[in-house]
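As structure tokens, the structure follows; a few thoughts come after it.
Computation of the quantities below employed the complete heavy-atom set of this structure, encompassing side-chain atoms and omitting hydrogens, waters and symmetry-equivalent molecules. Counting starts at 1 for both ligands and their atoms, in listed order. One is the number of the first residue; the rest follow in order along the sequence. Keep in mind it's a predicted model, so treat the numbers as computed, not measured.
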Amino acid sequence: KKHKFWETQPVGQFKDVGDTSLPEGPIEPPTPLSEVKQEPYNLPSQYEWTTCDMDSEETCNEVYNLLKNNYVEDDENMFRFNYSKEFLRWALRPPGFYRSWHIGVRAKTSKKLVAFITGVPARIRVRDEVVKMAEINFLCVHKKLRTKRLAPVMIKEVTRRVHLENIWQAAYTAGVVLPTPITTCQYWHRSLNPKKLIDVGFSRLGARMTMNRTIKLYKLPDSPATPGFRKMELCDVPAVTRLLRNYLSQFVVAPDFDESDVEHWLLPTEDVVDSYLVESPETHEITDFCSFYTLPSSILGNQNYSSLKAAYSYYNVSTKTPLLQLMNDTLIVAKLKNFDVFNALDVMHNESVLKELKFGPGDGQLHYYLYNYRTQSALKPSELGLVLL
Ligand SMILES: CCOC(=O)c1cnc2ccc(OC)cc2c1SCCC#N
């Protein structure tokens with residue numbers, strides 16, 4: 001039976017879609033903390049819970065290797081995400097993080113890490129309500145244990161630990177349809193290294209196109225066009241926070257970033273997140289901002305290449321520089337940093353520039369979900385101002 005587990009959870013159910021009598025907001029009220037289950041859920045007898053301290057080099061290595069070998073692949077098994085250790089430490093230790101929300105499952109005999117799920121705290125605004133949520137991510141069960149129904153008990157356990165911190169909502173994404181997406185986004189891809197993407201079989205030479213003609217089609221200038229375009233620095237955090245908060249206020253769902261959030265999520269971290277801004281040469285005002293994160297993928301089953309260097313559009317704000325020019329400068333920087341591809345979702349205002357910047361639509365979709373929070377109706381991707389890693 002499909003969605004056996006999700007039909008037991010406080011999430012929008014398919015049967016309720018379109019029922020405008022149901023109000024926007026929490027589906028269930030908070031439970032008194034004394035009534036939250038104090039002890040962990042039961043795992044199958046040969047497995048045990050473990051808390052993964054990402055500060056520990058050894059544990060971080062175990063998590064990295066579990067994900068490298070068992071995490072999400074595309075439908076054609078051409079790629080598998082290969083989140084780096086620095087990226088995982090960044091993604092899992094934002095302001096106010098809880099180590100207890102970095103949950104592993106070990107085999108009791110071998111002590112091998114066989115499954116993982118995480119949460120990090122976030123303040124997410126839904127229309128005019130700022131809600132404390134957990135962002136749930138990195139749910140991974142070892143390929144050899146996929147039929148043991150571990151995912152439902154792992155989801156219940158991370159939910160229990162989130163409840164213990166008096167948080168009752170969550171946000172998560174999936175490539176599969178579950179009850180019930182608040183919106184469904186499309187991936188778009190901009191070739192930076194077309195020869196490699198063709199060699200690995202992701203892209204194909206267009207009709208009547210030679211390889212040289214294709215390389216020329218995707219060629220980019222060797223420096224950004226916008227005067228005052230520069231890397232973000234620590235001293236820019238207050239201005240970037242103001243710029244970003246104002247920009248994100250227009251979307252139905254968006255993070256409620258403060259300066260400490262901006263410092264963590266958007267200050268450049270080598271090989272993890274890159275961020276640039278436009279400082280007006282005349283007024284020294286910060287008028288625009290763009291950022292992308294680094295998420296390589298293993299290339300599965302190709303003789304010549306083993307890794308894809310992919311950049312993912314993160315948060316972009318254009319108030320003076322046209323978004324088209326700002327994003328083109330981002331592509332230029334990504335190419336200079338030797339990325340093979342620049343990926344973007346059709347969220348916020350991205351859709352308006354993707355085609356002109358020579359992005360092509362991907363065949364994968366990304367569904368966004370809220371746990372224990374109903375929205376009046378599904379959002380358009382352009383109403384979503386939240387990028388989850
Ligand atoms: C070349 C364009 O495709 C990707 O960059 C890519 C890379 N690795 C993946 C690993 C797992 C995977 O599972 C859905 C997809 C990819 C994709 S396409 C969707 C992500 C984006 N943009």
Side-chain angles (χ1 to χ4, degrees), residues 64-84 87-88 91 116 137-141 143 146 151 172-178 181 183-206 214-215 217-218 220 271-274 291-302 304-316 327 330-331 334-335 337-348 350-351 353-355 357-369 381 384 386-389:
Y64 168 76
N65 283 309
L66 174 74
L67 295 174
K68 179 182 176 62
N69 296 314
N70 300 280
Y71 201 45
V72 183
E73 297 173 13
D74 67 296
D75 289 347
E76 290 164 38
N77 307 106
M78 187 180 293
F79 303 118
R80 186 187 305 128
F81 289 129
N82 181 20
Y83 286 87
S84 72
F87 189 108
L88 292 168
F116 188 60
N137 204 346
F138 302 114
L139 169 58
C140 179
V141 173
K143 283 170 177 273
R146 292 285 164 85
Y172 51 103
T173 59
V176 291
V177 178
L178 305 168
T183 193
T184 295
C185 305
Q186 188 82 34
Y187 281 116
W188 288 73
H189 313 292
R190 207 285 185 185
S191 287
L192 299 175
N193 182 349
K195 182 175 181 316
K196 180 170 177 180
L197 294 183
I198 289 167
D199 286 356
V200 305
F202 176 79
S203 307
R204 285 182 305 287
L205 264 189
T214 303
I215 291 167
L217 172 68
Y218 290 109
L220 289 160
D271 295 332
V272 172
V273 59
D274 283 79
S291 59
F292 57 86
Y293 60 86
T294 297
L295 168 49
S297 280
S298 302
I299 299 173
L300 308 174
N302 183 282
N304 309 322
Y305 299 102
S306 61
S307 184
L308 178 81
K309 191 172 178 178
Y312 288 73
S313 181
Y314 200 28
Y315 291 98
N316 305 300
M327 293 301 285
T330 312
L331 292 174
K335 174 66 182 174
K337 286 169 164 276
N338 207 26
F339 283 93
D340 297 321
V341 65
F342 190 96
N343 295 323
L345 290 165
D346 57 355
V347 298
M348 294 179 269
N350 291 350
E351 213 268 327
V353 298
L354 294 170
K355 287 193 185 100
L357 289 172
K358 298 178 185 142
F359 282 76
D363 52 18
Q365 291 189 312
L366 190 65
H367 308 279
Y368 274 74
Y369 300 93
L384 181 68
L386 176 65
V387 177
L388 295 182
L389 303 169

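Short contacts between ligand 1 and Leu308, defined as distances under 4.0 Å to a heavy atom of the residue, involve ligand atoms 5 (O), 7 (C). Listed by number with element, the atoms of ligand 1 under 4.0 Å from a non-hydrogen atom of Phe202 are 1 (C), 2 (C), 3 (O). Taking a cut-off of under 4.0 Å to the non-hydrogen atoms of Glu73, the atoms of ligand 1 that pass are 11 (C), 12 (C), 13 (O), 14 (C).
In this structure, CD1 on Ile215 lies 7.0 Å from NZ on Lys195, to the nearest 0.5 angstrom. Summarising the geometry, atom CG belonging to Asp199 is positioned 4.5 Å from atom OH belonging to Tyr305; distances are rounded to the nearest 0.5 Å.
Counting heavy atoms from C-beta outward, Val341 and Phe202 have side chains that stay 4.5 Å or more apart.
For atom 15 (C) of ligand 1, the nearest non-hydrogen atom from the set Val176, Asp74, Leu300 belongs to Asp74.
Counting non-hydrogen atoms of neighbouring residues, nucleotides and ligands closer than 6.0 angstrom, the CG atom of Asn304 exceeds 12 such neighbours. Counting non-hydrogen atoms of other residues, nucleotides and ligands closer than 6.0 Å to NZ of Lys355 gives a total of 12 or fewer. Taking a 6.0 Å sphere around CG of Asn77, one finds it holds more than 12 heavy atoms contributed by other residues, nucleotides or ligands.
Looking at Tyr187 against ligand 1, only its side chain comes within 4.0 Å, counting heavy atoms. Proximity of Asp340 to ligand 1, defined as any heavy-atom pair under 4.0 Å, is not found for any part of the residue.
Within the 4.0 Å heavy-atom cutoff, Tyr312 counts among the residues contacting ligand 1.
Ligand 1 has no N or O atom lying under 3.5 Å from any N or O atom of Trp188, backbone or side chain. Looking at Arg80 next to ligand 1, no N or O pair under 3.5 Å apart turns up.
For the pair Arg190 (side chain) and Tyr218 (backbone), a donor-acceptor distance under 3.5 Å is present.
The protein atom (non-hydrogen) at minimum distance from atom 4 (C) of ligand 1 is Asn343 ND2, 3.8 Å. Distance from atom 18 (S) of ligand 1 to its nearest protein heavy atom, with residue and atom name: His189 CE1, 3.7 Å. In this structure, atom 8 (N) of ligand 1 lies nearest to the protein heavy atom Ser297 OG, 2.7 Å. In terms of protein heavy-atom proximity, atom 17 (C) of ligand 1 is closest to Phe79 CD1, 4.2 Å.
Just one of Lys196, Lys309, Lys335 meets the side chain to side chain donor-acceptor pair (under 3.5 Å) condition when paired with Asp340; it is Lys196.
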Practice item. Could you give me the CA-CA distance, side-chain angles and deciding distance for Ser84 and Thr294, then say whether side-chain contact (heavy atoms from CB on, under 4.5 Å) is met? Key: CA-CA 9 Å; Ser84 72; Thr294 297; over 6 Å; no

